[in-house]
Amino acid sequence: MTLHTLDTGLFKLDGGAMFGVVPKSMWQKLNPADENNMCTWAMRCLLIEDGGRLVLVDNGIGDKQDEKFRGHFYLHGTDTLEKSLRQLGFTAADITDVFLTHLHFDHCGGSVVRTPAGKLELAFPNATYWSNSSHWDWAVTPNAREKASFLKENILPIQESGHLRFVDATAATLPTELACFREIIFADGHTEKMMVPVLDYKGRTLAFMADLLPSAGHVPLPYVMSYDVRPLVTLGEKERVLRQAADENWVLLLEHDAQTECITVEHTEKGIRVAERFRLNEL
């Protein structure tokens with residue numbers, strides 16, 4: 001198995017929303033805000049080469065939204081998913097599986113493209129797209145709080161294409177197509193049944209943390225996003241994963257940290273804190 005991180009661009013989100021009840025005087029030391037209180041975040045994806053399969057975990061925001069939408073999030077940077085794939089010698093047609101941790105637009109927007117004629121088509125025409133039934137139902141009939149994050153044009157074309165399959169949260173084993181994963185952690189704090197994949201890699205355990213741990217700055221337990229629909233559930237889920245990660249020296253791959261790709265964590269007198277920061281290719 002070979003793992004690669006893929007950078008798909010940068011965007012900005014309100015710092016207060018990203019750090020919840022933590023005051024700005026504390027979080028701005030971790031991620032400085034601009035004059036509009038916006039902080040820069042990555043949209044980092046994971047590409048897994050495993051035998052004959054090429055599995056993409058999440059795919060960023062995509063490029064089919066209009067300028068008004070893009071302006072809300074200050075999209076910037078020179079990286080795109082297509083460019084990052086090309087640098088590794090791959091194209092979208094090579095992807096066999098697209099694993100979506102959840103269906104918020106900054107994680108799944110690259111799943112679907114809009115043609116010059118205005119038609120919505122799969123960005124990865126040969127891939128199986130993976131979600132789970134509980135989260136899918138949650139996303140296609142969204143609550144008012146998350147409705148702006150679940151965009152129909154990112155989601156419905158996947159089902160209409162016939163390329164959608166679900167991971168069974170209650171099954172003892174994973175589908176053979178996803179054998180690269182040792183397990184999937186299902187988390188309900190950020191949104192219903194978000195999936196955090198865990199892999200064995202180079203003698204280490206690696207977890208792609210999605211929005212359970214957006215950045216290294218979110219390691220202290222109270223640092224929970226205001227976007228989370230059940231923040232106290234997130235608190236417990238994050239604590240359980242971080243304790244196991246500290247006990248077993250896991251590598252935590254961060255999707256939204258613009259500066260840091262991977263961390264390990266350790267137990268300290270102040271609680272669990274970051275131990276090391278490094279790039280995935282340094283393993």
Side-chain angles (χ1 to χ4, degrees), residues 1 3 5-6 8 43-48 50 53-61 95-111 124 127-142 146 149-151 154-155 158-159 163-201 205-215 218 224-225 227-230 233-242 244-245 250-256 262:
M1 185 191 298
L3 304 185
T5 53
L6 299 178
T8 71
M43 290 177 284
R44 182 176 296 112
C45 307
L46 177 64
L47 185 67
I48 305 165
D50 186 35
R53 308 207 73 81
L54 194 61
V55 181
L56 177 64
V57 181
D58 284 354
N59 51 53
I61 204 168
I95 303 298
T96 62
D97 301 271
V98 176
F99 182 87
L100 300 169
T101 62
H102 61 299
L103 296 167
H104 287 167
F105 64 80
D106 53 316
H107 295 257
C108 76
S111 297
F124 308 98
T128 298
Y129 286 65
W130 296 90
S131 183
N132 66 79
S133 59
S134 294
H135 182 66
W136 187 269
D137 291 343
W138 183 270
V140 298
T141 55
E146 286 183 281
S149 293
F150 291 128
L151 306 181
N154 289 337
I155 299 171
I158 301 173
Q159 188 172 42
H163 285 235
L164 176 65
R165 285 184 63 184
F166 291 146
V167 176
D168 185 351
T170 65
T173 59
L174 294 172
T176 55
E177 295 91 339
L178 300 179
C180 56
F181 300 143
R182 185 180 81 194
E183 64 175 306
I184 295 171
I185 298 170
F186 289 85
D188 294 310
H190 179 62
T191 187
E192 180 76 8
K193 291 292 180 291
M194 180 176 68
M195 299 189 291
V196 175
V198 180
L199 307 87
D200 293 319
Y201 185 59
T205 297
L206 182 144
F208 184 84
M209 295 301 290
D211 279 345
L212 182 58
L213 189 73
S215 75
H218 288 84
V224 172
M225 294 186 291
Y227 297 114
D228 289 17
V229 296
R230 306 179 184 105
V233 173
T234 295
L235 193 75
E237 292 170 339
K238 188 170 76 168
E239 182 176 20
R240 287 191 295 273
V241 172
L242 288 179
Q244 187 172 5
W250 286 17
V251 174
L252 306 179
L253 180 54
L254 306 173
E255 188 160 5
H256 287 312
C262 300

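Side-chain atoms are counted along with the backbone in the values below, which use heavy atoms only and exclude waters and symmetry mates.
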Visitor: Do the side chains of L6 and L46 get nearer than 4.5 Å, heavy atoms only?
Guide: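 When only atoms from C-beta onward are counted, L6 and L46 do not touch, as no gap falls below 4.5 Å.
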Visitor: For the backbone of F166 and the side chain of N132, can you confirm whether one donor and one acceptor N or O come within less than 3.5 Å of each other?
Guide: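 Answer holds: no.
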Visitor: Could you walk me through whether L253 and M209 pass the side-chain contact (heavy atoms from CB on, under 4.5 Å) test, one step at a time?
Guide: CA-CA 6 Å; L253 180 54; M209 295 301 290; 6.0 Å; no
Visitor: Which distance, rounded to the nearest 0.5 Å, do you find between the CD1 of I158 and the CH2 of W130?
Guide: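 Nearest 0.5 Å value for the CD1-CH2 distance: 13.5 Å.
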Visitor: Taking the side chain as everything from C-beta on, heavy atoms only, tell me whether L47 gets closer than 4.5 Å to L3.
Guide: no
Visitor: Drop me the distance from L199's CG to M1's CE, to the nearest 0.5 angstrom.
Guide: 5.5 Å
Visitor: Quick one: does R44's side chain have a donor or acceptor within less than 3.5 Å of a partner on T5's backbone?
Guide: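 Answer holds: no.
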Visitor: For the backbone of V55 and the side chain of D97, can you confirm whether one donor and one acceptor N or O come within less than 3.5 Å of each other?
Guide: no
Visitor: So, T8 side chain and N59 main chain: donor-acceptor pair closer than 3.5 Å or not?
Guide: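 A pair under 3.5 Å: no.
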Visitor: Evaluate the side-chain proximity of T128 to E177: yes if any heavy-atom separation is below 4.5 Å, no if none is.
Guide: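 No; the side chains remain at least 4.5 Å from each other.
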Visitor: Between E146 and T191, what is the shortest heavy-atom contact and its length?
Guide: OE2-OG1, 2.8 Å
Visitor: Report yes or no: does D58 contribute a side-chain atom to a donor-acceptor pair with the main-chain N or O of C45 at less than 3.5 Å?
Guide: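 No, D58 side chain to C45 backbone: no donor-acceptor pair under 3.5 Å.
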Visitor: In the structure I gave you, are the side-chain heavy atoms of I155 and W136 within less than 4.5 Å of one another anywhere?
Guide: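 Side chain of I155 against side chain of W136, heavy atoms only: contact under 4.5 Å found.
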Visitor: Supply the atom-to-atom distance L100 CG to M195 CE, rounded to the nearest 0.5 angstrom.
Guide: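 Those atoms lie 7.0 Å apart.
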Visitor: Is H256 close to D211 at the side-chain level, that is, under 4.5 Å between some pair of heavy atoms?
Guide: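 Sidechains of H256 and D211: in contact.
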Visitor: Excluding sequence neighbours, so at least two apart, what forms side-chain hydrogen bond (donor to acceptor under 3.5 Å, both in side chains) with S215?
Guide: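 side-chain hydrogen bond (donor to acceptor under 3.5 Å, both in side chains) list for S215, sorted by chain: H218.
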Visitor: Looking only at non-hydrogen atoms, find the nearest pair between C108 and L103 and report the distance.
Guide: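 Shortest heavy-atom separation between C108 and L103 comes out as SG-O, 3.4 Å.
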Visitor: If every non-hydrogen atom of A179 is compared with every non-hydrogen atom of D50, which pair is closest and at what distance?
Guide: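 Between these two residues, the closest heavy atoms are C-OD2, 4.3 Å.
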Visitor: Please tell me if the side chains of F99 and Y129 come closer than 4.5 Å, counting only heavy atoms from C-beta onward.
Guide: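 Not in contact.
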Visitor: Taking the inter-plane angle between the rings of H102 and H190 on a 0 to 90° scale, is it parallel (under 30°), tilted (30 to 60°) or perpendicular (over 60°)?
Guide: perpendicular
Visitor: Check P175 against R165 and note the closest heavy-atom contact, atom names and distance.
Guide: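 Closest pair (atom of P175, atom of R165, distance): CB-NH2, 4.4 Å.
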Visitor: With a 4.0 Å cut-off on N to O distance, would you call E237 and R230 a salt bridge?
Guide: no
Visitor: Give a yes or no answer on whether the side chain of H163 reaches the backbone of A127 with a donor-acceptor pair at less than 3.5 Å.
Guide: yes
Visitor: Calculate, to the nearest 0.5 Å, the distance between atoms OG1 and CG belonging to T96 and L54 respectively.
Guide: 6.0 Å
Visitor: Could you tell me if the side chain of I184 sits less than 4.5 Å from the side chain of V198, heavy atoms only?
Guide: no
Visitor: Distance check, rounded to the nearest 0.5 Å: M194 atom CE versus F186 atom CZ?
Guide: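 The distance works out to 11.5 Å.
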Visitor: Which pair of non-hydrogen atoms, one from L242 and one from L213, has the smallest distance, and what is that distance?
Guide: CD2-CD2, 4.3 Å
Visitor: Distance check, rounded to the nearest 0.5 Å: I61 atom CD1 versus H107 atom NE2?
Guide: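 So the CD1 of I61 and the NE2 of H107 are separated by 10.0 Å.
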Visitor: With a 4.5 Å limit on heavy-atom distance, are the side chains of M225 and P214 in contact?
Guide: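 A side-chain contact exists here, since the closest heavy-atom pair is under 4.5 Å.
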Visitor: Please work out which of the three classes, parallel, tilted or perpendicular, describes the rings of F150 and H104, given edges at 30° and 60°.
Guide: tilted
